[in-house]
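Report on the structure given below.
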Amino acid sequence: MSRFQDKVVIVTGAASGIGKEIAHAFAREGAKVVIADLKQDAATAAAAEIVASGGIAMGVAMDVSNEDAVNVGIDGAHDAYGRIDILVSNAGIQIVHPVESFPFADWKMMLAVHLDGAFLTTKACLKHMYADKSGSIVYIGSVHSKEASPLKAAYVTVKHGLLGLSRVVAKEGAKHNVRANVVCPGFVRTPLVEKQIPEQAKELGISEADVVKTVMLKETVDGEFTTVEDVAEAVLYFAGAKSNALTGQSLVVSHGWFME
């Protein structure tokens, strides 16, 4: 039997990038996957790819910063599949500016998507997990949950915040047999990161090649990007752990950029 046979997994921000690979990885292991994304057509298309390859999936529209949208989406998933075993809180955006010129509206948007989104989806899933006395939550943090970089005040703040949320959920969830952990990737060459390269080149006054070499990958041991497959494997490791001892922890997947 596959590792996650018939488990119900919700992955936010799963129509592309890291979230999409995580969703496919769970589906390959037998899970029923709920693709949650901002736009219904994108979520539906991503779910259809899994179904076409023999898996079980559904797509739901979800603005993770909107409490009503989160509750409707997660309760709808529970109605469809009868349970929620795993939440992967992955949805995110990136906006870079120096602190002194960081627009407050952009700051608030970053906090809303990353932190409000993680809180709201967690809260909505916990009522189902607590009722079933079982569950696992995996937050997608970042090396920036541990480190700081110029131009990323909001991103560093929210990724640090996920560590705190995970630790509280781990403590509160223990009596309900619910675990919470954080996967912290290095730079993964997704559309989100591709967008950052010219933005940082402009802000720092260097070439795009130098952004990659001297900013993004400088501290890695081998000058390599982390892959979506690397991140998905770490998520499945946390989600599938058979020991309740593995909770409130973080795992850095970064080619040695940050070493604990």
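Exactly one residue among V228, V33, I50 makes a side chain to side chain contact (heavy atoms under 4.5 Å, CB included) with H24. That residue is I50. Here the options are V34, I140, L236, I10, the test is side chain to side chain contact (heavy atoms under 4.5 Å, CB included), and the partner is V88; only I140 passes.
Note: R83 CZ to K32 NZ = 9.5 Å, rounded to the nearest 0.5 Å. We find the CZ-OG1 distance between F225 and T220 to be 9.0 Å, quoted to the nearest 0.5 Å.
No donor-acceptor distance shorter than 3.5 angstrom exists from the side chain of S2 to the backbone of Q5, with no hydrogens or angles considered. Looking at T247, its side chain does come within 3.5 Å of a backbone N or O of A180 through a donor-acceptor pair. Side-chain N or O atoms of H160 include one that pairs as donor or acceptor with a backbone N or O of V156 at under 3.5 Å. For the pair S145 (side chain) and K159 (backbone), a donor-acceptor distance under 3.5 Å is present. Side-chain atoms of T12 come within 3.5 Å of backbone atoms of A91 as a donor-acceptor pair (strictly under, hydrogens ignored). Remark: side-chain polar atoms of Q94 are not paired, donor with acceptor, to backbone N or O of V193 under 3.5 angstrom.
Taken together through direct or relayed side-chain contacts under 4.5 Å among Ile, Leu, Val, Met, Phe, Trp and Tyr, M62 and V72 form parts of separate hydrophobic clusters. Side-chain heavy atoms closer than 4.5 Å link hydrophobic residues (I, L, V, M, F, W, Y) into clusters, and following such links, possibly through other members, connects L115 to M109.
Using a cut-off of 4.0 Å between Lys/Arg side-chain N and Asp/Glu carboxylate O, K108 and D106 are scored as not salt-bridged. Under 4.0 Å is where a charged nitrogen must lie from a carboxylate oxygen, and between E29 and K7 no such pair does. Salt-bridge formation is detected for the pair R28/E21: a Lys NZ or Arg NE/NH1/NH2 atom is positioned less than 4.0 Å from an Asp or Glu carboxylate oxygen.
Geometric assessment of K127 against the ring of Y130 yields a negative cation-pi assignment under the 6.0 Å and 45° thresholds.
A centroid separation of less than 6.0 Å is found between the aromatic rings of F4 and F26.
D75 and H128 are linked by a side-chain donor-acceptor pair at a separation below 3.5 angstrom, with hydrogens and angles left out of the test. No side-chain donor-acceptor contact under 3.5 Å links T44 and K39. A donor atom on one side chain and an acceptor atom on the other are found under 3.5 Å apart for S65 and D63. For S149 and H144, the side-chain atoms include at least one donor-acceptor pair closer than 3.5 Å.
Considering only heavy atoms from C-beta on, V211 comes within 4.5 Å of M216 through its side chain.
Relative orientation of the H114 and Y155 rings is perpendicular, given thresholds of 30° and 60° on the angle between their planes.
In the displayed structure, K171 atom NZ is contacted under 6.0 Å by at most 12 heavy atoms of other residues, nucleotides or ligands.
Across all non-hydrogen atoms, the minimal contact from F258 to V252 is O-CG1, 3.7 Å.
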